[in-house]
2 protein chains.
Amino acid sequence: MMSETGEVPPIPEPRLPLTDAERLFIERWALMAASWGVPRSMAEVHALLFVTGEALTADDLMTELGISRGNASMTIRTLEEWGIVHREQRANERREYFRAEQDTLALFSTVIRIRKGREVDPLLSLVTECRARVEAGGARSAQFTRKLDDIQLFVTTVDALASRHLEPGGDGMRSLLGAFSLLDTPGGER
Amino acid sequence: MMSETGEVPPIPEPRLPLTDAERLFIERWALMAASWGVPRSMAEVHALLFVTGEALTADDLMTELGISRGNASMTIRTLEEWGIVHREQRANERREYFRAEQDTLALFSTVIRIRKGREVDPLLSLVTECRARVEAGGARSAQFTRKLDDIQLFVTTVDALASRHLEPGGDGMRSLLGAFSLLDTPGGER
DNA sequence: CCTAGATTTCAATGATGTCTGAAACTGGCG
DNA sequence: CGCCAGTTTCAGACATCATTGAAATCTAGG
């Protein structure tokens, strides 16, 4: 595929000389991913794509990060499902290239949306099911109901916020951060 | 307080007949804890203490949840460090009782504060260290710097919010939820 | 100072989830 | 039609982390 012309093919892929800063970023990003419940190698793949902004092949990922082909494949699929990595096809090229979402705030927005779905939304069905089973008679039922009310208050507020500012396409994240700064300036308490 | 008179001491501990709703709550809470990075048995212990609101002994926890003494001990220590469970000493009683924070929103506040420390704050040192290493010359250095700027914007905003509304003692959580509802009503975009 | 009830610690075990590597699959090209 | 570059799948190896249980430690009372 690169022997097409037969002349001066000395530099096959000048895409990937990483700087020190970039390497550090990848390492730390992967380390943090642990406390996020994200597999290390998945975080590495994403960090590499994110930080370079380049379109890379599966082999680039494998050699640069020292992971297996199978791992790279499955990881990329997941990243794609999350919507933070996209496939690209090059003319006259069989193999696929992968590129990461470059808008940092959109990335955070996506991550938060996914985690809200995993970690906050289930609380709502918890509340619903528990409500269906509290018998008014129980000694602790009043306290319990109050707790359920508070949980629901929390979840619905987060929900409203998310559906307003965290929708897939938009740049709602930036407006959300803006709104927060406004909240901060008045200096209401203490 | 009920064996005071010395007569009819037939029921040693009437603290713990759990209702169906309470049992369900504990089960689900523990299940969700998995996606939170919290050990299952730790979530169970906390859920039991939280949902009943009673002061329970280590043995209560062990028999009700079917966990070992060692596990109960270490788990309680951690919950104590997080500030959502407290020890109590009863007069004329050697063994300790444990009781959970009962204010639901204060609980969420604590959880969010802890997770921010684990998951958001490290981003700041990542940014700082990376900045120290970007050489202005690199081909991608401009893009990289922009990303670092955005990450820092995100972290500092979250930080400001947290230090204003999520401080240990206060009921800042309620005011935060209130502020969010305000944000929602105007209906700025789309 | 000793004893007994209660708690903490920690090495060994068990469970859970990630990663690898080889085999199966896909689709384009000679 | 069959080969080849590339991609996906999956069973088993491996690593990580929670949990146990017994031994060490602690503390109040005798």
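Because the structure is a prediction, the values reported are computed rather than measured. Every chain is numbered from 1, with letters handed out A, B, ... down the list of sequences.
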Interatomic distance, [X] [atom1] vs [N] [atom2] [rounded to whole Å]:
X	N	atom1	atom2	answer
Tyr97(B)	dG5(C)	OH	P	16 Å
Arg40(B)	dG14(C)	CZ	P	16 Å
Met42(B)	dC17(D)	CE	C1'	13 Å
Phe98(A)	dG6(D)	CZ	P	12 Å
Glu93(A)	dC29(C)	CD	C1'	15 Å
Glu81(B)	dT8(C)	CD	P	11 Å
Glu44(B)	dA18(D)	CD	C1'	12 Å
Arg90(B)	dA6(C)	CZ	P	14 Å

Exercise. Given the rule in the side-chain hydrogen bond (donor to acceptor under 3.5 Å, both in side chains) test, do Asp159(B) and Thr156(B) qualify, once you have shown the distances and angles that lead to the verdict?
Worked result: CA-CA 5 Å; Asp159(B) 245 26; Thr156(B) 52; over 6 Å; no
For this session: Mark yes or no for a side-chain to base donor-acceptor pair under 3.5 Å between Arg94(B) and dA28(D), with no hydrogen or angle criteria applied.
Result: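 Counting by modelled atom types and ignoring angles, no donor-acceptor contact under 3.5 Å is found here.
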For this session: Using a 4.0 Å heavy-atom cut-off across all strands, classify Gly66(B) as base, sugar-phosphate, or nothing.
Result: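 If one applies the 4.0 Å heavy-atom cut-off, Gly66(B) turns out to touch the sugar-phosphate alone, with no base involved.
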Exercise. Which part of the nucleic acid, if any, lies within reach of Arg69(B) when heavy atoms closer than 4.0 Å are counted: base, sugar-phosphate only, or nothing?
Worked result: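 Counting heavy atoms under 4.0 Å across all strands, the contact made by Arg69(B) includes a base.
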Problem set entry | Whichever of Glu96(A) and Ala34(A) has its nearest DNA chain D nucleotide further upstream toward 5' |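 Nearer the 5' end of the strand: Glu96(A).
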Problem set entry | 5' precedence on DNA chain D between Asn71(B) and Ala58(A) (nearest-nucleotide basis) |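 Per heavy-atom nearest nucleotide, the more 5' residue is Ala58(A).
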Exercise. Does NZ or CZ of Arg115(A) fall inside the cone over Trp36(A)'s six-membered ring, less than 6.0 Å from its centre and within 45° of the axis?
Worked result: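 Output yes; distance and angle both within limits.
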Exercise. Are OP1 or OP2 of dG21(D) and a side-chain N or O of Ser68(B) less than 4.0 angstrom apart?
Worked result: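 So the side-chain polar atoms of Ser68(B) never come under 4.0 Å of the phosphate oxygens OP1 or OP2 of dG21(D).
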For this session: Would you indicate, yes or no, if dT8(C) has its OP1 or OP2 atom less than 4.0 angstrom from a side-chain nitrogen or oxygen of Arg77(B)?
Result: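 Checking dT8(C) against Arg77(B), a side-chain N or O does come within under 4.0 Å of OP1 or OP2.
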Exercise. Can you list the steps and then say if Arg95(B) with Glu88(B) is a salt bridge (charged side-chain N to carboxylate O under 4.0 Å, His left out)?
Worked result: CA-CA 9 Å; Arg95(B) 61 192 177 165; Glu88(B) 287 181 14; over 6 Å; no
Compare the minimum distances between each of [options] and the side chain of [X], then state the nucleotide with the smallest one.
X	options	answer
Met74(A)	dT20(D), dT7(C), dC10(D)	dC10(D)
Ser73(A)	dT20(D), dT9(D), dT19(D)	dT9(D)
Arg87(A)	dC10(C), dT7(D), dT20(D)	dT7(D)

Problem set entry | Closest-nucleotide 5' rank along DNA chain C - winner of Gly37(A) and Gly70(A) |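 The 5'-side residue here is Gly37(A).
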Exercise. In terms of ring plane angle, is the pair Phe50(B) and Trp29(B) parallel, tilted or perpendicular, where the classes change at 30° and 60°?
Worked result: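 If you compare the ring of Phe50(B) with that of Trp29(B), the planes turn out parallel.
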For this session: Report the distance from atom CZ of Arg133(A) to atom CZ of Phe25(B), rounding to the nearest 0.5 Å.
Result: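 Rounded to the nearest 0.5 Å, the CZ-CZ separation comes to 13.5 Å.
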